[in-house]
Colleague: 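Have a look at the structure that comes next, please.
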Amino acid sequence: MMRVDYGMLEQLIGDSQALDRAIAGEDLSYKDGLELMNYDNLHLLGAVADARRKELVGDTVTFAASYYMNYTNVCTASCQMCAFYRKDGAEDAYTLTPQEIEQRVGIAKQMGATEVHIVGGFHPKLPLEYYEDMMKIIKKNHPQLNIKALTAAEIFYLSKLTKNSTKEILSRLKDAGLDSMPGGGAELFHPEIRKKIVRGKCTGQEWLDVIEEAHNMGIKSNVTMLYGHIEKPEHIVDHLIKIRDLQKKTNGFITLIPLKFSLDNTELEQEHLVNNECSSVYDLRVIALSRLMLANYLNNISVYWVAYGKKLAQVALSNGGSDLVGTAFSEEIYRAAGKATSSSVDELATMVKEIGRTPAQRNTHFGILKNF
Ligand code: SF4
């Protein structure tokens with residue numbers, strides 16, 4: 001680990017015990033987290049997070065060549081923060097067959113994808129065999145691709161639908177080719193806020209229980225945090241502490257992806273519960289806090305440039321972020337909420353070089369595949 005000289009920062013920090021502890025490499029408490037969510041000097045907070053980033057993972061900014069795919073937009077849930085779902089039978093509802101999925105994956109592989117990120121709604125009629133067939137046909141034709149598929153929330157739903165245990169579902173999917181899992185569906189774990197932003201989805205604790213089972217079976221996963229809607233600072237801090245606690249037990253999380261809430265076409269917008277997306281200043285605070293709260297346990301903090309745009313993503317990388325997610329060849333969920341979602345590995349490398357850092361393409365598990 002590279003030791004950073006904190007001399008100047010230590011002088012500036014003054015009486016912030018939380019930042020003192022962060023610099024000393026100690027675990028931050030719930031109270032520390034709250035202090036930093038309300039800390040008025042955002043520049044200093046970002047500078048400490050950036051220094052910790054340098055110390056923990058160096059100057060390389062990684063990114064994976066991912067193909068994002070949504071196999072269906074049919075969903076029995078109706079989350080207030082979601083613009084993507086359709087009811088079964090709706091005019092613009094769709095479900096891809098395993099063969100259609102494999103064809104798309106084949107094209108993505110030709111474009112350079114090394115992993116496929118496959119998620120969808122809670123479809124009430126798809127049997128477990130559909131998912132097994134999906135994994136098998138991809139694995140058979142593209143054995144070198146990492147299949148990162150189905151969130152813990154989807155696994156939980158499938159378990160209820162098919163009356164199999166979540167362990168049984170995970171085990172069958174792993175046998176069929178599942179390599180890793182995306183971090184979606186985590187949203188915010190705290191029940192007080194979760195019930196206001198999701199409807200018909202598992203609880204935060206159920207999400208954590210499923211992902212713990214997956215980790216214990218050797219299936220590593222990402223984890224997300226949906227922020228910038230109607231949460232309070234304590235919900236963010238609670239979420240990060242729960243991630244850290246589980247990571248101490250399983251070491252199964254690969255990276256944290258803070259996800260900025262996207263306003264357009266969601267029920268939260270239509271009911272005027274959220275009228276504006278959160279400020280860039282808040283985005284940077286969340287990235288910095290994520291770095292400091294998870295330091296020493298989960299040192300990959302991903303910046304989801306699709307939601308930020310490239311310029312803000314560059315600033316986020318200077319406030320604690322160390323990874324860009326991702327090379328999204330397609331990403332219907334954010335497109336449904338009005339965001340452009342296409343980039344290439346070379347564009348991401350340029351974005352990193354522009355801020356004086358070192359770009360590197362990685363695989364799913366943060367092994368370096370290519371330097372630029
Ligand atoms: S967030 Fe997921 S579970 Fe909720 S409505 Fe949208 S697709 Fe369905």
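First listed ligand is number 1; within each ligand, the first listed atom is number 1.
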Colleague: What atoms in ligand 1 come closer than 4.0 Å to a heavy atom of Tyr85?
Modeller: 5 (S)
Colleague: Around atom NZ of Lys160, are there more than 12 heavy atoms of other residues, nucleotides or ligands at under 6.0 Å?
Modeller: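 No, because the 6.0 Å sphere around NZ of Lys160 holds 12 heavy atoms or fewer from other groups.
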Colleague: Identify whether Val74 and Phe84 are in the same connected component of the hydrophobic contact network (ILVMFWY, side-chain heavy atoms under 4.5 Å).
Modeller: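 No, it is not one cluster - the side chains of Val74 and Phe84 are not joined through contacts under 4.5 Å.
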Colleague: For Gln110, give me all partners under side chain to side chain contact (heavy atoms under 4.5 Å, CB included), at least two apart in sequence or on another chain.
Modeller: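 By the side chain to side chain contact (heavy atoms under 4.5 Å, CB included) rule, Gln110 matches no residue at all.
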Colleague: Is the distance from atom 4 (Fe) of ligand 1 to the nearest N/O/S atom of Cys75 under 2.8 Å?
Modeller: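 Here the distance criterion (N, O or S atom, under 2.8 Å) is not met by Cys75, so no.
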Colleague: With a cut-off of 2.8 Å, does Cys79 place any N/O/S atom under that distance from atom 6 (Fe) of ligand 1?
Modeller: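 So Cys79 does not count as coordinating atom 6 (Fe) of ligand 1.
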Colleague: Within ligand 1, which atoms have a heavy atom of Phe122 less than 4.0 Å away?
Modeller: 3 (S)
Colleague: Find out whether the Lys NZ or Arg CZ of Arg285 is both under 6.0 angstrom from the six-membered ring centre of Tyr282 and within 45° of the ring's axis.
Modeller: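 Verdict for Tyr282: no cation-pi partner in Arg285.
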